[in-house]
Amino acid sequence: MSGKLIVFEGIDGAGKSTQLSMLYQYLQQRGYNLMTTREPGGTPVGEEVRSILLNPLHGDLQHRAEAFLYAAARSQLVYQVIKPALREGKIVLCDRFVDSTMAYQGYGRGISRNFLQQINDLATGGLQADLVLVFDLPVEESFKRVNKRSTGDRLEQETHSFFQRVREGYLEIARQQCHNHLVMDASLSVEELQRQVRTVVDNFIDGKLRESD
Ligand code: Z5A
């Protein structure tokens, strides 16, 4: 099987990072050649851009400039890390990708989705995920989880209605791109959700292996 890109998406606190690291361990035990990464970040340059983006002191960051910064970090990640890993046949598990820009900057901030599509395409060279798991959680539950942790970064200071638009944006994207998107119920327990994630990913990998026979 050639490399595959599996992306974890969803609003803050939906449990993406938890599920991703559990899946990583599971797939590693099964002997797959894989790696994990995240957005924004995943490269030295991207991690520096991340610290600008999440810094609560940058409350004056303009919406378009914000979108360009996410795209810059993404482009660095795609060309420095993801494409080489895919060429080596790895399964890449990525915490957030282009849908985050559509959901947060598009549905959340109200930036033109055509414009965002253009900068996403430029940043990725048209690279698309093979499978996207969208972890869906009511905003109230997300707030409870994030407030417990309470880092209060720049985006976590947004309002309930902002995150509601982001959540609905994700569901709309998943409806429009149902060929490679699947919505997961992130309000389930960590263990039950992981059981479902493993089933989905096992089926996906088995299907790809059959295709390549
Ligand atoms: N952003 C953007 O606007 N545009 C873009 O293009 C991109 C990103 C790429 C990245 O911050 C921010 O950038 C993010 C979107 C924006 N916005 N904000 N705000 P980040 O990487 O720090 O944030 P995140 O990706 O949302 O991570 P997160 O908040 O840690 O969420 P998570 O990874 O989905 O959740 P978690 O860390 O696995 O779990 C969160 C807590 O919930 C933790 O205490 C867990 O123990 C608990 N948890 C997890 N699963 C469960 C279940 N099933 N039940 C109960 N409790 C659970």
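Counting starts at 1 for both ligands and their atoms, following the listed order. All values below come from the heavy atoms of this structure, side chains included, with hydrogens, waters and symmetry mates left out.
Listed by number with element, the atoms of ligand 1 under 4.0 angstrom from any heavy atom of Ser17 are 32 (P), 33 (O), 37 (O), 38 (O). The ligand atoms of ligand 1 that sit less than 4.0 angstrom from a heavy atom of Arg74 are 6 (O), 9 (C). For ligand 1, the atoms closer than 4.0 angstrom to any heavy atom of Gln105 are 2 (C), 3 (O), 4 (N), 5 (C), 6 (O). Below 4.0 Å from some heavy atom of Val190 lie the following atoms of ligand 1, by number and element: 50 (N), 51 (C), 52 (C), 53 (N). Within ligand 1, counting atoms from 1 as listed, the ones closer than 4.0 Å to a heavy atom of Thr18 are 36 (P), 38 (O), 39 (O), 49 (C).
Under a 4.0 Å N-O distance rule, the pair Glu47/Arg38 qualifies as a salt bridge. Using a 4.0 Å cut-off between charged nitrogen and carboxylate oxygen, Arg145 and Glu141 count as a salt-bridge pair.
Looking at Pro40 next to ligand 1, no N or O pair under 3.5 Å apart turns up. Taking any N or O of Ala14, backbone or side chain, at least one lies under 3.5 Å from an N or O belonging to ligand 1. For a threshold of 3.5 Å applied to N or O pairs, the pair formed by Val146 and ligand 1 contains no separation below that value.
Using a 4.0 Å cut-off between heavy atoms, Leu188 contacts ligand 1 through its backbone alone, with no side-chain atom that close. Contacts between Arg96 and ligand 1 below 4.0 angstrom, taking non-hydrogen atoms only, involve the side chain exclusively. Residue contacts with ligand 1, taken as heavy atom pairs separated by less than 4.0 Å, do not involve Gln19 at all.
Taking a 4.0 Å cut-off on heavy atoms, Glu66 fails to register as neighbouring ligand 1. Ligand 1 has Ser189 within reach: a non-hydrogen atom of the residue lies less than 4.0 Å from it. The closest approach between any non-hydrogen atom of Arg50 and ligand 1 is below 4.0 Å.
Here the shortest heavy-atom distance to atom 2 (C) of ligand 1, taken over Phe8, Phe162, Tyr70, belongs to Tyr70. Closest heavy-atom approach to atom 12 (C) of ligand 1 within the set Val166, Asp12, Leu137, Leu54: this belongs to Leu54. The option from Arg145, Glu141, Glu39 that lies nearest to atom 51 (C) of ligand 1, judged by heavy atoms, is Arg145.
For the residue pair Glu140 and His160, a side-chain donor N or O sits within less than 3.5 Å of a side-chain acceptor on the partner. There is a side-chain donor-acceptor pair under 3.5 Å between Asp95 and Ser17. Under the 3.5 Å distance criterion, with hydrogens and angles disregarded, no donor-acceptor pair is assigned to the side chains of Asn120 and Tyr70. Donor-acceptor pairing under 3.5 Å is lacking for the side chains of Ser100 and Glu39.
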Give the intermediate values and the outcome of ring-ring contact (aromatic ring centres under 6.0 Å, His included) for residues Phe115 and Phe68.
CA-CA 11 Å; Phe115 167 77; Phe68 281 124; 5.7 Å; yes
Given the rule in the salt bridge (Lys or Arg N to Asp or Glu O under 4.0 Å) test, do Glu168 and Arg165 qualify, once you have shown the distances and angles that lead to the verdict?
CA-CA 5 Å; Glu168 285 163 11; Arg165 290 196 298 280; over 6 Å; no
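Checked against the 6.0 Å centroid threshold, Phe97 and Phe8 do not count as a close aromatic pair.
Within the 4.5 Å cutoff, the side chain of Val183 has heavy atoms near those of the Leu171 side chain.
One finds the CG atom of Asp12 at 3.5 Å from the OH atom of Tyr104 (value rounded to the nearest 0.5 Å).
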